[in-house]
There are 2 protein chains.
Amino acid sequence: MLFTGTHIHKLDRKGRVSVPKRFRAALDQEEFAGIYLYQSHKESALEGCSHSHMERIAASLDELDMFSDEADDLADTILGSSHMLPYDGEGRIILPAELIEFARIEDQVAFVGRGRTFRLWNPDIFKPLQEASRTRTLNRGATLKLKPMSELPKGARPGTADEEDAS
Amino acid sequence: MLFTGTHIHKLDRKGRVSVPKRFRAALDQEEFAGIYLYQSHKESALEGCSHSHMERIAASLDELDMFSDEADDLADTILGSSHMLPYDGEGRIILPAELIEFARIEDQVAFVGRGRTFRLWNPDIFKPLQEASRTRTLNRGATLKLKPMSELPKGARPGTADEEDAS
DNA sequence: TCAAATCCCATTGACCCCCATCATTTCCCA
DNA sequence: TGGGAAATGATGGGGGTCAATGGGATTTGA
């Protein structure tokens, strides 16, 4: 359950696009056969995630004070603007016109893995941004502090695939 | 069981409106075939929820001091003004005139998902408010701290669909 | 008895199922 | 190791189905 890599697919005349096989494989345990998309806050892109990730967002919002302004805003922005998109028989989704317009997508869609989530871009917009972000990372000499293997959920570690996650 | 997305439907001359298929699907386990609506105390909107969620609200009110002003007010506001609205054969409800007037609804109704609950709006009123929400969220740099997967109800996690929820 | 609610059926257009084709990759074996 | 066959994923498109809608007919209840 990990989204990796960049996959460019075609948007057809009916507004359909194939979800990359690798991404569908990452989701094959989900009860809902499809993906969720919503408009990114910061980028001209679409945020993508699984049903269970969306459940997690809803559960987290539930915990904020029911009447807090911040929870309200997040609910409107994420839950209210999200689209639940089931696959067709061939593993495609229909990209709603609203989202195509927001992300300025034309005839191609880039699926970009971000671990637990992913993003959809117009490839022509994403490419220069990716270059820029690579350059910044190199200049900064950024390093990532890895979590110890023992803190990962079982099933994410080799040789633990069939065990129950007791965490 | 998750309400997501914004669905705009027509209010017909008989005061009927179709409940979005996705919302009905989220409720198909409920004993009561319909929805509950009550006036929002913050917004010019209607709060919507399932029968079991209404039970949950009633149970929460029970826990407040029975004679406190707050419990009184909440009971009047929510339980006193709530409407139990059954579907007709086509999955529509009749919007009571009182609620139409309160939410200043005209010929269209926006069903806006908020996770465990949803809201009904006049789309012309909701749209600019949602834009404002998005802007505030961006400015605030708001990030949502996600609950750990292990604290979610079973059934909301992949691979647990058939298990009993022991929580 | 009248008004409102419910039932029933018709229409329509978007979506989904199905199949056919094409492009890659994988596999197998010489 | 190269070539060819088979499997699989991506793409294109036709047509049937169903959700959303509109309105008439029947029932209910005050």
Side-chain angles (χ1 to χ4, degrees), chain A residues 2-28 30-37 48 51 82-101 105-113 118 120-123, chain B residues 2-28 30 32-37 48 82-101 105-113 118 120-123:
Chain A
L2 209 50
F3 302 108
T4 58
T6 295
H7 312 263
I8 295 179
H9 285 173
K10 203 162 183 212
L11 185 70
D12 72 17
R13 288 193 293 159
K14 288 176 157 183
R16 296 177 301 190
V17 63
S18 291
V19 176
K21 179 70 193 350
R22 292 275 164 77
F23 283 22
R24 293 201 310 264
L27 292 169
D28 64 2
E30 294 281 328
E31 54 175 310
F32 167 61
I35 63 174
Y36 283 79
L37 293 179
H51 177 80
S82 71
H83 292 251
M84 183 185 192
L85 305 172
Y87 305 138
D88 67 10
E90 280 69 42
R92 293 173 290 199
I93 54 166
I94 297 180
L95 262 195
E98 181 193 359
L99 298 183
I100 293 177
E101 191 180 347
I105 285 169
E106 284 152 24
D107 58 344
Q108 288 194 320
V109 184
F111 288 75
V112 182
F118 55 91
L120 267 58
W121 290 87
N122 174 335
Chain B
L2 201 56
F3 301 108
T4 61
T6 295
H7 312 262
I8 295 177
H9 285 175
K10 241 182 174 175
L11 185 70
D12 71 17
R13 288 192 292 160
K14 289 176 161 182
R16 297 175 301 189
V17 64
S18 290
V19 176
K21 175 76 195 330
R22 293 265 157 77
F23 283 22
R24 295 202 306 267
L27 293 169
D28 64 3
E30 295 282 327
F32 168 60
I35 62 174
Y36 282 78
L37 292 179
S82 76
H83 294 251
M84 184 182 188
L85 305 171
Y87 306 138
D88 68 10
E90 278 71 40
R92 293 174 288 201
I93 55 166
I94 295 181
L95 261 195
E98 180 193 357
L99 298 183
I100 293 176
E101 191 179 347
I105 286 169
E106 284 153 23
D107 59 343
Q108 288 193 318
V109 184
F111 288 75
V112 181
F118 55 91
L120 267 58
W121 291 87
N122 174 335

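FYI, side chains are in, hydrogens and waters are out, and symmetry mates aren't considered; it's all heavy atoms of this structure. What you are looking at is a predicted structure, and each value in this text was computed from that prediction instead of being measured. Throughout, protein chains are lettered first and strands after them, A, B, ... in sequence-line order, and every chain is numbered starting at 1.
Atom CG in A:Leu11 sits about 10 Å away from atom P in D:dT11, given to the nearest Å. Here D:dT11 presents its P atom at 11 Å from CZ of A:Arg16, a figure rounded to the nearest Å. Summarising the geometry, the separation between CG on A:Asp107 and P on D:dT11 is reported as 11 Å, rounded to the nearest angstrom.
Taking CG of A:Leu99 as the reference point, atom CD1 of A:Ile105 lies at 8.0 Å (rounded to 0.5 Å). Here the OG1 atom belonging to A:Thr4 is positioned 14.0 Å from the CZ atom belonging to A:Phe111, to the nearest 0.5 angstrom. One finds the NE2 atom of A:His51 at 5.5 Å from the CG atom of B:Leu2 (value rounded to the nearest 0.5 Å). Atoms CG and CZ, on A:Asp12 and A:Arg92 in that order, are 6.5 Å from each other to the nearest 0.5 Å.
Here the side chains of A:Tyr87 and A:Ile94 are not in contact, with every heavy-atom distance at 4.5 Å or above.
Residue contacts shown for B:Val19 are limited to sugar-phosphate atoms, with no base heavy atom under 4.0 Å away. Among the atoms of the strands shown, only primed sugar atoms or phosphate atoms (P, OP1, OP2) are found under 4.0 Å from some heavy atom of A:Arg24. Across all strands, B:Arg13 comes closer than 4.0 Å only to sugar-phosphate atoms, never to a base (heavy-atom distances).
Heavy-atom distances under 4.0 Å link DNA chain C to A:Glu90, A:Arg92, A:Ile94 of residues 87-95 of chain A, given in residue order.
With a heavy-atom cut-off of 4.0 Å to chain A, the contacted part of DNA chain C has its first and last nucleotide at C:dC16 to C:dC19.
The backbone N or O of B:Ser18 sits less than 3.5 Å from a side-chain atom of B:His9, completing a donor-acceptor pair. The backbone N or O of A:Met84 lies less than 3.5 Å from a partner atom in the side chain of B:Arg22, making a donor-acceptor pair.
You'll find that the side chain of A:Ser18 is closest to D:dT11, out of D:dT11, D:dG15, D:dG22.
Listed pair B:Lys21 / D:dA19 meets the phosphate criterion, a side-chain N or O lying under 4.0 Å from OP1 or OP2. Residue B:Lys14 places no side-chain N or O under 4.0 Å from the OP1 or OP2 atom of D:dG24.
A donor atom on one side chain and an acceptor atom on the other are not found under 3.5 Å apart for A:Tyr36 and A:His83.
Aromatic ring orientation, B:His7 versus B:Phe23: perpendicular (interplanar angle above 60°, classes split at 30° and 60°).
Remark: the A:Arg22 side chain and the D:dG9 base include no donor-acceptor N/O pair separated by less than 3.5 Å.
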